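All values derive from a computational prediction rather than experimental measurement.
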Amino acid sequence: MKFHLVLFVIIAAIFGVGLEGCQCKVVQFIFGDSLSDVGNNNYLSKSLAQASLPWYGIDLGNGLPNGRFSNGRTVADIIGDNMGLPRPPAFLDPSLSEDVILENGVNYASGGGGILNETGSYFIQRFSLYKQMELFQGTQELIRSRIGKEEAEKFFQGAHYVVALGSNDFINNYLMPVYSDSWTYNDQTFMDYLIGTLGEQLKLLHGLGARQLMVFGLGPMGCIPLQRVLSTSGECQSRTNNLAISFNKATSKLVVDLGKQLPNSSYRFGDAYDVVNDVITNPNKYGFQNSDSPCCSFGNIRPALTCIPASKLCKDRSKYVFWDEYHPSDRANELIANELIKKFGFVRVDQTKPPSPSPALAPSSDD
């Protein structure tokens, strides 16, 4: 009898299974686009959507580019910090291992990616949501091999999931004449196609173990600096904003319906459209001075599609809503995240450490 017990302990140690099971941490698995990317695209050598050059990341960690399309944190970073969840590394990070996954989760988000496979194709390389889910299935195989099927099931069902895509399906697909979707569909039929696809994807994620899932809605994407500079008036593009509102309404209903249909699921829809719209419309109310142009730009040459070492930075990054032509600044992301935290009353899963503070903004290169 003693021999068998000792043999079991040895086998458990070899395969990483304790006598009381995995004792796994609660982690996050993030699926998204450039608003959540933490470095995947930097490892896609042919991708035209990368945040690999200064001044991306200037206000986070060592100030070097880290793959985030901002000067600092993402909304997912901030919400996860507030909940006591570890920040998941990029799927393509060379240091990713089974131990890292069990300790931190994984971020599959990819700049230029969309709900639809065809979205963002002119970026050459990017992960669509279907591709990200395929990579997640590979992650599951690794973990099952490491801790066993039963413990892996507990691990994945106990994790938190974030799905934050959709803007590229409009800005870098439907609203661009170079994509066939722009002339194949009208606003309503494209929305039906998009939401139908998202519904199937969320059902597949549930089948893969996602029980606690947050789907982020879209902000007023017609007001990003790129959309403004491409308009004749310099104002927000109302059609683009109306598509975002329609997407949010349809996705909210989808998430509620799936939450009722799918067993043991806690599916939520995170809508920050109104607060972001108010920040853009009334920036001074929130301590911002600029909400219509990017902090990082190439002088008067607009649009500057990316931030590069030769770009000119604004004097105070905390006063700008937008970091570049597409993406919010760290401070804007913090405001958006805090609104969602307040709205949903997120509960911390770990009370041992406080949320990470906002970064202290270093002086700008522009005196």
Side-chain angles (χ1 to χ4, degrees), residues 26-38 68-70 73-85 87-88 105 107-109 113-115 129 132 159-170 191 194-195 197-199 201-203 205-206 210-221 223-224 241 243-260 262 265-280 286 321 326-349 355:
V26 176
V27 300
Q28 295 183 88
F29 293 99
I30 296 176
F31 304 86
D33 52 27
S34 58
L35 294 173
S36 307
D37 192 344
V38 296
R68 289 170 175 80
F69 288 77
S70 181
R73 302 160 297 169
T74 68
V75 170
D77 282 334
I78 298 163
I79 292 177
D81 289 351
N82 185 273
M83 295 177 68
L85 291 164
R87 292 183 184 175
N107 185 320
Y108 303 91
I115 293 165
L129 181 51
Q132 292 177 39
H160 289 250
Y161 294 80
V162 172
V163 174
L165 302 96
S167 60
N168 285 317
D169 293 290
F170 295 100
M191 194 69 67
L194 188 62
I195 299 300
T197 303
L198 179 60
Q201 291 164 333
L202 296 181
K203 290 176 190 175
L205 275 175
H206 182 270
R211 297 294 179 266
Q212 300 181 72
L213 184 144
M214 167 68 74
V215 180
F216 285 171
L218 302 182
M221 55 191 184
C223 294
I224 66 173
N241 281 347
L243 286 169
I245 292 169
S246 297
F247 175 88
N248 289 347
K249 182 178 179 181
T251 304
S252 177
K253 182 180 186 304
L254 171 68
V255 171
V256 169
D257 290 346
L258 289 178
K260 295 174 182 177
L262 302 175
S265 64
S266 174
Y267 280 21
R268 290 176 163 184
F269 177 68
D271 186 358
Y273 183 98
D274 289 341
V275 68
V276 177
N277 192 55
D278 196 38
V279 169
I280 291 170
Y286 297 88
V321 174
Y326 292 91
H327 308 99
S329 64
D330 176 90
R331 183 154 177 269
N333 280 337
E334 184 175 49
L335 193 150
I336 296 165
N338 287 339
E339 177 68 17
L340 291 171
I341 291 165
K342 183 171 65 176
K343 182 181 291 187
F344 290 102
F346 289 120
V347 178
R348 288 181 62 81
V349 299

- Query: Among all residues two or more places apart in sequence or in another chain, which pass the side chain to side chain contact (heavy atoms under 4.5 Å, CB included) test with T251?
  - Reply: I195, L198, V215, F247, V255, F269
- Interatomic spacing from OG1 in T197 to CG in L129 - rounded to 0.5 Å: 10.0 Å
- Is the closest side-chain heavy-atom distance between M83 and Q28 below 4.5 Å? no
Using residues 161-169 as the side-chain source, report each donor-acceptor pair under 3.5 Å to any protein atom, sequence neighbours left out, with the distance given to one decimal.
{"residue": "Y161", "atom": "OH", "partner": "F156", "partner atom": "O", "Å": "2.7"}
{"residue": "N168", "atom": "OD1", "partner": "N172", "partner atom": "ND2", "Å": "2.7"}
{"residue": "N168", "atom": "ND2", "partner": "G113", "partner atom": "O", "Å": "3.0"}
{"residue": "D169", "atom": "OD1", "partner": "I115", "partner atom": "N", "Å": "3.2"}
{"residue": "D169", "atom": "OD1", "partner": "L116", "partner atom": "N", "Å": "3.0"}
{"residue": "D169", "atom": "OD1", "partner": "T119", "partner atom": "OG1", "Å": "2.6"}
{"residue": "D169", "atom": "OD2", "partner": "I115", "partner atom": "N", "Å": "2.8"}

- Listed partners of K203 passing salt bridge (Lys or Arg N to Asp or Glu O under 4.0 Å), at least two apart: E200
- Item | Nearest atoms (heavy-atom pairs only) where N107 meets S36 | ND2-O, 3.0 Å
- Query: Residues two or more places apart in sequence or in another chain: which of them pass side-chain hydrogen bond (donor to acceptor under 3.5 Å, both in side chains) with T74?
  - Reply: D77
- Note on the structure: CE of M214 to CD1 of I30, rounded to nearest 0.5 Å, is 12.0 Å
- Is it true that a side-chain atom of K343 and a backbone atom of D271 form a donor plus acceptor pair closer than 3.5 Å? yes
- dist L340:CG -> L335:CG (nearest 0.5 Å) comes out at 10.0 Å
- State, to 0.1 Å, how close P88 and G105 come at their nearest heavy-atom pair, and which atoms those are. CB-C, 3.7 Å
- Message: Testing the basics here: between P220 and V276, what is the closest heavy-atom pair and its distance to 0.1 Å?
- Response: CD-CG1, 3.6 Å
- Message: For H160 versus V26, what's the shortest heavy-atom pair and its separation?
- Response: CD2-CG1, 3.3 Å
- Note on the structure: Shortest non-hydrogen pair, G259 vs S265, comes out as O-OG, 3.4 Å
- Task: Answer whether the closest heavy-atom distance between the side chains of F31 and L205 falls below 4.5 Å.
- Result: yes
- Taken in chain and number order and not counting sequence neighbours, the residues that satisfy side-chain hydrogen bond (donor to acceptor under 3.5 Å, both in side chains) with D278 are N282, K285, Y286
- Query: What residues, two or more places apart in sequence or in another chain, satisfy side-chain hydrogen bond (donor to acceptor under 3.5 Å, both in side chains) together with R211?
  - Reply: H206
- Item | Separation of L35 CG from N333 CG (nearest 0.5 Å) | 7.5 Å
- Task: For the pair R331 and E334, find out whether any cationic side-chain nitrogen is under 4.0 Å from an anionic carboxylate oxygen.
- Result: no
- Note on the structure: Rounded to the nearest 0.5 angstrom, the CZ-CG distance for F346 and N82 is 9.0 Å
- Query: Nearest 0.5 Å, what's the CZ-CG distance between R68 and D37?
  - Reply: 9.0 Å
- Working for side-chain contact (heavy atoms from CB on, under 4.5 Å), residues I79 and F216: CA-CA 12 Å; I79 292 177; F216 285 171; 3.8 Å; yes
- Looking only at heavy atoms, what is the nearest atom pair of L218 and A244, with distance? CB-CB, 4.1 Å
- For residues F29 and Q132, determine if any side-chain heavy atom of one lies less than 4.5 Å from a side-chain heavy atom of the other. no
